[in-house]
Amino acid sequence: MKIDFIPIDYGYFDFEGRNYAKIIGRDAKGKRVCLIDSCDVYFWAILKDKLSQKQIQKLQEKIEKIKVDVKGRKTKVEKTELHNKKFLGKDVKALKIFATNYKDLHDVADKLGMPEIEKRRGYDIGFISHYIIEKKFAPLYWYEVSGEILNAGEFGGIADINVDFCIKVNSINPIKKEIFSPKVLAFDIETDEFKIGEGEILMISLVSENFKKVITWKKNKEFPYVEYVKDEAELLEKFSEIIKQISPDFLTGYFSDGFDLPYLKARAEKNGVRLNLGLDGSQPKFSRGIMTTAKIDGIVHVDLLRFIQTAYSQYMQSETMSLNEVSNEFLGESKKKFEFKHSSKIEADEWENYFEYNLQDSILTFNLFNKIWADLLEFTRITQEPVFNVSRNGMSANVEDYIVHNLSKFNEIPEKRPTYDEIGERKRRGKYEGAFVFQPSPGIYENLGIFDFTSSYGSVIVTYNLSKSTLLEKPEKNAYSIDITGRKVYFSKEQGFFPEMLKDIIEKRRQYKGELKDKPDAIKKARSNAFKLLANASYGYLGFFGARYYCEEAAAATAAFARNAIKEIIEKIDKEKYKTIYSDTDSIAFLLNGKTREQAKQFLKKLNSQLPGIMELELEDFYKRGIWVTKRTGELGAKKKYALINYEDKLKIRGFETVRRNWCTLAREVQNKVLKLILEDGNEKKAMEYLKGIVKEVRERKIDLKKMTIRTQLTKPLDEYKAITPHVIAAKRMAEKEIPVDAGGLIEYYIAEAKQENKSKLIRDKVKLIDEEGEYDVDYYLKHQLLPAVENILQVFNVDANILVEKKKQTTLGEF
DNA sequence: GTTCGAGTCGTACC
DNA sequence: ACGGGTACGACTCGAAC
C-alpha cells in the first residue's frame, strides 16, 4: 500500500522490548492515518586518539557483551561499528553502539567507563527527535509512504486506535507538495472558581470550521448553538464525544496548559468520569515541572498563549497577553463583556450572555490559531520538531532543535545537555560586557537618518566564525581574535558548523524577505519571520546556560565585535560630516547636516562595501525631527529614551513613560500628546497651552479615575518581596479580599487622597484598589505622574515644568 | 525626625 | 530552568546625622 502522507503528531511505544514510533497524520484525501515504524537505536562512544586497530577491536568485543536489565527490561548492545565522525568540528574515531531499547541507552553508556573511551554522546536526544533525524521524516512535510495495513490486535493492540487506517512502514520518500489545511478545534471552559478544580465546570464551548457549540448543564432557553446536558459529568462526556466526532488534528485553547485541561482533569476525577480524549482512548497526560503541559494521544494540543509569547511578544503592542488584548491586536476582535459571578448568583436572563461570552472565547481562539498557523507551520518545518514541542518551545530551544536536526549534514556527533552542576556553574559566572550605547546630548534635532545592521549579532557570529567548536584553546596567528573583558580569545578561520548553519538561516531570511517584497503571502512572511527570529536568538543561545553549545567566550566575543563594528560606523559617519546623535547596539541615528537623503543612501552603499563578511547596514528611515532628553538626575542625556517623527508624520517613541505600562494612562496620554505637538511644530508653545489645561483639569478632579490607574505586574509570590512597594500592598489587599493574585498577574491600583489623620509619607499607604471608593490624590498625580512625564521634555526648551504646578502650592497654602 | 545613598523592583531597548 | 546585556526611574529601607 502506498500513500501520500503528512506527519502531524509523533508518539512512541515499546513492543516486545523494542521501540516503535507512532506517527499520526493525514493522507492526500484527508483520511486520518497512523504509521508504525522503527529505526536504529544507537549512541556514540568517541575514542581516544592513537588507538591501534587491535585495541579498538578488543574494545568493540568488550562492548558487544554489555547487557543491562532495567526494571525487568532486558537491553543489550546488539552491535558496534567504527566510524570517522566529527565532534565539535574535530575529526574523531567513534563507535556507533546499537542497543535494543532507546530508554536504556543511558544505562548502557554508564557501563562504558573504559579508558579507551574519551566521551559518550547522543543518548540524550529523545526517541522521537532521534527517529525524525534517523528516518528524515520531519513534521508537516509531505512524503510518499509505503507499507502494510495493520489489522486490529497487532502490536499488542496499539493499532486499534481511532483512525481511518494504520500502516506498518516499509519506506518513506519526500515529495514536493506544500498545501495542508489542518482540522482545528478550539475550546474554552467556564467555571465557578478560578482555582483549578475548586468549582464546577459550567459550560464548554467548541468551535471548528462550520461548527459552533456551547455545552452546558445550566438549563435555560433554547439557543441554536447551545446543547444542554444533565450535569457536569455528562458535560465532560459530551466534550470527549464531540472531540472524537470532529477528530481534529489540533485541539487549541488559550492558556489551556495552565487552566482548561488541568481543570477538566480535576473535575473528571471528582466526577469519576474518564476524559478519554486521545485517539487511543487515553486521558490527557500532564507533564511535571514548573510549566505543566497537557498532551493528548494523536491530537496535538496547542496552547496558543505559549506560542504567541515566544514567537510574537517582542513585536506586539499589547501590554498583557490576555486573550482580549491579543485578539484585539491580531484580529481586531474583542471578547464579549460579561461580569463574573458565581453561577448561583446569575439570573435566568443573564445566562444567554454567559453562553455567548463562552462561545466568543472559542471563536477568538479558533481565529487566532488560523492567524498564527503559518508561523507555527514554518517554525515546525524549520526546526523539524513535532508541533507539540515547537508550540511550547522558547527561542533557545528552537535554535537548539534546528542545530540538532542539522548536525548530520556536518557528520557531527551531538554534544550533550549540560549537567545540573554545569548549569549551576554557568549561572554563577558573572556578566560579560554587552552592547555599546551612545551617550546622547539632550536636545531637539532636525533631519535625521537611522541606519541599522541587519541581523546584527547573527551576522557577527557568521563573519567572525564564533562558536563553541571554533573557539581555540591557544592563540593562533591566522585566527579571529578579540578582547573580552580582560582576556583575548581566538576563533579558528575554518568555518564551524554553528556559524555555517546560521549563515544559511540569515541567507534564507534575506531570500524570503526579498520574495515577500515582490509578492507577499502569509507563508513567505512566516518563513522570513521564523528565520529572522532564529537568527536573532542564536546569540542568546550561545550565552544561555541550558544550551548544548553554550559558549560564553563566543557570546562575549559577539558583543565585542559588534561594539567595534558600530563604533567604526559612527566614526565614519562623523568623518563624512554627518553627525551621530545616538546609537544603541546595532542602530545609529545621525543628522544629515545639510546633505540630501539621496546622498545618505549613496553613503550607505559605500559603508556597506567596506563591511567585512556578511555584515550589512540598512536604512531604517529618515526623520523630520527627533528629541532626546536628560536623565531625571543630572545633566546627561538619557539612553534608550527618544522620540522621532518621520516624513509621513508617524511617531516613533522609545523608552518614554508613554510606552511604559506601569505609568497611569493620564501621564502616558499627556506625554504622548506633548511629544507629538513638539515634534510636529519644533517648539513647545502648543504643548504648554495643552499642559496648562490638563493641570487645571487634574486639580479640579475632572479626570476619570480610570485614567489614574497604575498597572504593575506581580513578578513573584507575595511573600518573596523584600521591599513593600505600592503594588505589593495592592496585591496583599486583593488577597485579603480573596481576589486571585498570582505571580505574573497585573495589579491595578490608584493613589488616593490621604485621610486627615494619615500623615504617612509613604505612597503605599495611599494605595486603593480600582473598585475601592475614593478620590485621586491631586498632589501625587501632578508631582509623581504628570510632571515627571513632561519635565525633561520641556527642559529641552529651557522651560521649567514646575511653573505648571507651582500655582497649586500657592492655592493650597491660600486654602488653609 | 530628616536626609540621602543603596537596594529592590518593574519595565523598556536592542 | 526553559535567550543575552544595558539602562532608566520609582519607591522603600536603613544608616547617619
Side-chain angles (χ1 to χ4, degrees), chain A residues 287 289-291 293 306 309-310 314-315 319 389 392-400 417-418 420 423-424 426-427 429-440 452-453 455-457 485 533-534 536-547 550 552 554-556 558-560 562-563 566 582-588 620 629-634 636-642 652-663 710-716 720-729 746-747 751 759-765 767 780 783-785 788-789 791-792:
Chain A
S287 71
I290 287 192
M291 301 269 194
T293 61
R306 298 282 287 269
Q309 238 157 9
T310 48
Q314 65 178 123
Y315 304 108
E319 280 168 16
N389 300 2
R392 286 165 180 81
N393 272 352
M395 279 313 296
S396 240
N398 284 331
V399 172
E400 187 151 293
R417 286 205 196 94
Y420 183 82
I423 289 178
R426 291 172 184 187
K427 285 174 81 176
R429 111 173 127 67
K431 283 187 177 179
Y432 54 83
E433 191 180 345
F436 168 71
V437 187
F438 188 92
Q439 175 62 63
D452 55 23
F453 280 108
S455 297
S456 162
Y457 279 22
T485 37
L533 286 176
L534 225 46
N536 289 347
S538 58
Y539 157 71
Y541 175 80
L542 285 177
F544 169 50
F545 53 80
Y550 173 87
E552 184 210 335
T558 306
R563 284 195 302 272
I566 199 105
Y582 183 62
S583 165
D584 186 348
T585 312
D586 59 358
S587 73
I588 302 154
E620 199 252 357
V629 301
T630 60
K631 290 204 274 186
R632 296 275 299 150
T633 50
L636 285 178
K639 296 172 176 180
K640 300 188 185 287
K641 213 172 167 183
Y642 59 89
K652 176 177 176 171
I653 300 178
R654 292 292 123 97
F656 274 109
E657 284 76 3
T658 296
V659 297
R660 300 181 72 88
R661 71 170 178 197
N662 56 347
W663 282 72
I710 297 164
R711 293 176 190 83
T712 308
Q713 196 183 20
L714 201 67
T715 57
K716 52 189 175 190
E720 283 177 25
Y721 280 89
K722 288 181 192 164
I724 309 305
T725 51
H727 84 288
V728 173
I729 287 291
L746 265 198
I747 307 298
I751 302 302
K759 281 185 183 160
S760 171
K761 276 194 160 175
L762 294 178
I763 289 158
R764 66 170 176 222
D765 293 329
V767 164
Y780 172 82
K783 287 188 184 148
H784 291 256
Q785 292 277 330
E791 198 171 17
N792 302 89

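Letters A, B, ... mirror the listed sequences (proteins, then strands); counts begin at 1. Computation of the quantities below employed the complete heavy-atom set of this structure, encompassing side-chain atoms and omitting hydrogens, waters and symmetry-equivalent molecules.
Atoms NE2 (A/His727) and P (C/dT12) sit 12 Å apart, rounded to a whole Å. One atom, CG of A/Leu533, and another, P of C/dG4, lie 17 Å apart when rounded to the nearest Å. For the pair A/Asp586 CG and C/dG5 P, the computed distance is 17 Å after rounding to whole Å. Atom OH of A/Tyr541 and atom P of C/dG5 are 16 Å apart (whole Å). The distance from atom CD of A/Glu657 to atom P of C/dG9 is 7 Å, rounded to the nearest whole Å. In this entry the distance linking NZ of A/Lys783 with P of C/dC11 reads 13 Å, nearest Å.
Across all strands shown, A/Arg392 has no heavy atoms under 4.0 Å from either base or sugar-phosphate atoms. A/Arg632 comes within contact range of the sugar-phosphate backbone alone, with a heavy-atom separation under 4.0 Å but no base atom that close. A/Glu433 comes within 4.0 angstrom of the backbone, heavy atoms only, and of no base. In this structure, A/Phe436 reaches neither bases nor backbone, as no heavy-atom distance under 4.0 Å exists between it and the strands shown. The residue A/Tyr780 sits close only to the backbone: its heavy atoms come under 4.0 Å of sugar-phosphate atoms, none of a base. If you check every strand for non-hydrogen atoms under 4.0 Å, A/Ala435 touches sugar and phosphate atoms only. In this structure, A/Gly655 reaches the sugar-phosphate backbone alone: every heavy-atom distance under 4.0 Å involves primed, P, OP1 or OP2 atoms, never a base. At a threshold of 4.0 angstrom between heavy atoms, the contacts of A/Tyr432 are confined to the sugar-phosphate backbone, with no base atom among them. At a threshold of 4.0 angstrom between heavy atoms, the contacts of A/Lys431 include nucleobase atoms, whether or not backbone atoms are also involved.
When all heavy atoms of A/Leu533 and A/Gln314 are compared, the pair lying nearest together is CD2-OE1, 3.6 Å.
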>> Using the rule given for side chain to side chain contact (heavy atoms under 4.5 Å, CB included), can you reason through A/Leu534 versus A/Tyr541, listing the C-alpha separation, both sets of side-chain angles and the distance that settles it, and then say yes or no?
In response: CA-CA 10 Å; A/Leu534 225 46; A/Tyr541 175 80; over 6 Å; no

>> For a salt bridge (charged side-chain N to carboxylate O under 4.0 Å, His left out) check, start with the C-alpha distance between A/Glu657 and A/Lys641, then their side-chain angles and the critical distance, and finish with the verdict.
In response: CA-CA 9 Å; A/Glu657 284 76 3; A/Lys641 213 172 167 183; 3.6 Å; yes

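Of the candidate nucleotides C/dC13, C/dA10, C/dG9, C/dA10 has the atom lying nearest to any side-chain atom of A/Pro788. Taking only side-chain atoms of A/Lys427, from C-beta outward, the nucleotide of C/dA1, C/dC11, C/dA10 with the closest atom is C/dA1. Closest to the side chain of A/Lys640, from the set C/dC2, C/dC11, C/dA7, is C/dA7.
Note that the first and last nucleotides of DNA chain B, 5' to 3', having any atom under 4.0 angstrom from a heavy atom of chain A are B/dT8 to B/dC14.
A/Asn662 and A/Thr712 are not linked by any side-chain donor-acceptor pair at a separation below 3.5 angstrom, with hydrogens and angles left out of the test.
Aromatic ring orientation, A/Tyr457 versus A/Tyr539: perpendicular (interplanar angle above 60°, classes split at 30° and 60°).
Along DNA chain C, the nucleotide nearest to A/Asp584 and the one nearest to A/Ile423 differ in position, and the one closer to the 5' end is contacted by A/Ile423.
Taking the charged nitrogens against the carboxylate oxygens, A/Asp584 and A/Lys640 do have a contact shorter than 4.0 Å, which makes a salt bridge.
Checking the phosphate oxygens (OP1, OP2) of C/dA1, no side-chain nitrogen or oxygen of A/Tyr550 falls inside 4.0 Å. OP1 or OP2 of C/dC11 has at least one side-chain nitrogen or oxygen of A/His784 nearer than 4.0 Å. For the pair A/Lys639 and C/dA7, the criterion of a side-chain N or O lying under 4.0 Å from OP1 or OP2 is met. Considering only side-chain N and O atoms, A/Arg764 lies under 4.0 angstrom from the phosphate OP1 or OP2 of C/dC13. Distances shown here put every side-chain N or O of A/Arg429 at or beyond 4.0 Å from the OP1 or OP2 atom of C/dG4.
Between the side chain of A/Arg426 and the backbone N or O of A/Ala547, at least one donor-acceptor pair lies under 3.5 Å.
Distance check on atom C1': B/dT11 versus C/dA1 gives 22 Å, rounded to whole Å.
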